[in-house]
Number of protein chains: 2
Amino acid sequence: MSRTLAKIAYNADEKKLAAFAKAMGHPVRIQILKILNTQACCYTGDLTDSIPLAQSTISQHLKMLKDAGLIQGEIMPPKVKYCLNQENWPVARRLFSELFQLSGSQEGQTLCSSDE
Amino acid sequence: MSRTLAKIAYNADEKKLAAFAKAMGHPVRIQILKILNTQACCYTGDLTDSIPLAQSTISQHLKMLKDAGLIQGEIMPPKVKYCLNQENWPVARRLFSELFQLSGSQEGQTLCSSDE
DNA sequence: TTAGTTTATCGTGAATATACGATGATTGAT
DNA sequence: ATCAATCATCGTATATTCACGATAAACTAA
């Protein structure tokens, strides 16, 4: 963003997809998503136990995932239980799937052969 | 990275997936990937024409996509023709697909109900 | 009320990302 | 050899990311 003199009007889906991708752009957050995808849920403490990073750092990563809408937190005092965001996770799957399914299945595609 | 006192050994696939996601973490780069996915190929100039950003900025975005291995460039003087990276694009599709396919298909899944 | 547990947030410093204009490099055409 | 065209890279400024420790917030239990 920064010196945004040229403000572009992006497609809403492109913005969403980019935001999801950005949130997924760190190995720890991929790890967290995988864990949540496998076990359905877990507490922050479970993650701080299994990931060798400071508790504050993991909380920060969780916040990014939550802000992006990929996960959701349920307060169960004094813990917080995290799950995949039930509304947005399928949306993310669809957006990524659509991006990759446009082409790419064909092996012998005529790449790099446009006119001019 | 920065003050990496705690160096974590991530799964290779997790690192790859995170790197792909990071590269996709900007609307312009999503746009570029979509274009390349649709038209098979295009020149840098085609992108600078259709995207209201400085030529240097677009070149920078292209470099990120190339460094991440999502696209590849073919020099056709004085132009450069870009395509999706034929080797890695299917890899990226597979990694994202795997991440999203672990669960998530079931609607009435018993979320947030682990023990303790 | 006090103490303990769990998690989020604050403050910080270093690294990276994002945008721009200016300049450099490469090749084809004159 | 020179010029124009195309694209990459450099230099810059600002914003964001990523990590940490310290502290705050919320709730339970005693």
Side-chain angles (χ1 to χ4, degrees), chain A residues 1-8 10 15 18-32 36 41-68 71-83 112 114 116, chain B residues 1-8 10 15 18-32 36 41-68 71-83 112 114 116:
Chain A
M1 286 72 216
S2 57
R3 208 189 313 167
T4 307
L5 299 178
K7 201 53 176 171
I8 307 179
Y10 296 111
K15 272 197 290 190
F20 287 146
K22 188 170 191 175
M24 292 167 60
H26 192 287
V28 164
R29 297 198 289 268
I30 292 290
Q31 235 176 16
I32 292 173
L36 291 181
C41 279
C42 73
Y43 299 104
T44 307
D46 299 336
L47 299 172
T48 58
D49 287 346
S50 62
I51 300 173
L53 287 176
Q55 176 266 326
S56 57
T57 302
I58 292 177
S59 189
Q60 205 171 306
H61 283 299
L62 286 170
K63 179 172 166 49
M64 290 183 196
L65 289 170
K66 199 175 68 177
D67 288 348
I71 68 174
Q72 59 191 59
E74 182 189 352
I75 299 175
M76 299 184 62
K79 300 184 174 184
V80 176
K81 193 186 278 188
Y82 282 101
C83 325
C112 292
S114 66
E116 189 185 357
Chain B
M1 285 72 214
S2 56
R3 209 189 312 167
T4 307
L5 299 177
K7 201 50 176 174
I8 308 179
Y10 296 111
K15 273 197 289 189
F20 287 145
K22 189 169 190 173
M24 292 168 59
H26 192 287
V28 164
R29 297 198 289 268
I30 292 291
Q31 236 176 15
I32 292 173
L36 291 182
C41 279
C42 73
Y43 299 105
T44 307
D46 300 335
L47 298 172
T48 57
D49 287 347
S50 62
I51 300 174
L53 287 176
Q55 176 265 326
S56 57
T57 302
I58 292 178
S59 190
Q60 206 169 307
H61 283 299
L62 286 170
K63 180 172 167 48
M64 290 183 196
L65 289 171
K66 199 175 66 177
D67 288 348
I71 68 174
Q72 60 191 63
E74 183 188 352
I75 299 175
M76 299 185 62
K79 301 185 176 185
V80 176
K81 192 186 279 188
Y82 282 102
C83 326
C112 293
S114 66
E116 189 185 356

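Worth knowing before you read on, the calculation uses all heavy atoms, side chains too, and leaves out hydrogens, waters and symmetry mates. All chains are named by letter (A, B, ...) in the order of the sequence lines, taking the proteins before the strands, and each is independently numbered beginning at 1.
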What residues, two or more places apart in sequence or in another chain, satisfy side chain to side chain contact (heavy atoms under 4.5 Å, CB included) together with B/Ala19? none
Would you please name every residue forming a side chain to side chain contact (heavy atoms under 4.5 Å, CB included) with B/Thr48, sequence neighbours left out? B/Thr44, B/Gln55, B/Ile58
Of the listed nucleotides ([options]), which one gets closest to any side-chain atom of [X]?
| X | options | answer |
| --- | --- | --- |
| A/His26 | D/dA19, C/dT6, D/dA8 | D/dA19 |
| B/Leu53 | C/dC20, C/dA17, D/dC7 | C/dC20 |
| A/Lys79 | D/dC7, D/dT16, C/dT7 | C/dT7 |

Please state how far atom [atom1] in [X] lies from atom [atom2] in [N], giving the value in whole angstrom units.
| X | N | atom1 | atom2 | value |
| --- | --- | --- | --- | --- |
| A/Lys63 | D/dC20 | NZ | C1' | 18 Å |
| B/Lys22 | C/dA15 | NZ | P | 14 Å |
| B/Tyr43 | D/dA5 | OH | P | 17 Å |
| B/Glu74 | D/dC7 | CD | C1' | 15 Å |
| A/Leu47 | D/dA19 | CG | P | 14 Å |
| B/Met24 | C/dT18 | CE | C1' | 19 Å |
| B/Tyr82 | D/dA8 | OH | C1' | 8 Å |
| A/Met64 | C/dA8 | CE | P | 13 Å |

So do A/Ile32 and A/Ile51 actually touch side chain to side chain, heavy atoms under 4.5 Å? yes
Looking at side-chain heavy atoms only, is the closest gap between B/Leu47 and B/Leu62 below 4.5 Å? yes
Heavy-atom contacts, protein to nucleotides 21-30 of chain C, under 4.0 Å, summarised as B (base), S (sugar-phosphate only) or - (none) per nt, yield BB----SS--
Taking only residues two or more places apart in sequence or in another chain, which ones pass side chain to side chain donor-acceptor pair (under 3.5 Å) with B/Asp67? B/Lys63
I want to check one thing: is the phosphate of C/dA17, taken as OP1 and OP2, less than 4.0 Å away from some side-chain N or O of B/His61? no
Report yes if at least one side-chain N or O of A/Ser59 is closer than 4.0 Å to OP1 or OP2 of C/dT9; otherwise report no. no
Between B/Val28 and B/His61 the two heavy atoms that sit nearest each other are CG1-CD2, 3.9 Å
Considering non-hydrogen atoms only, spot the tightest contact between B/Cys42 and B/Leu36 and give its length. SG-CD2, 3.6 Å
Report yes or no: does B/Asp49 contribute a side-chain atom to a donor-acceptor pair with the main-chain N or O of B/Asp46 at less than 3.5 Å? no
B/Val80 or A/Arg29, whichever maps to the more 5' nucleotide of DNA chain D: B/Val80
Which residue in the set A/Gln72, A/Arg29, A/Gln60, A/His26 passes side chain to side chain contact (heavy atoms under 4.5 Å, CB included) when paired with A/Leu65? A/Arg29
Enter the inter-axis angle for the ends of the helix from C/dT1-D/dA30 to C/dT30-D/dA1 (five pairs per end, rounded to 10°). 10°
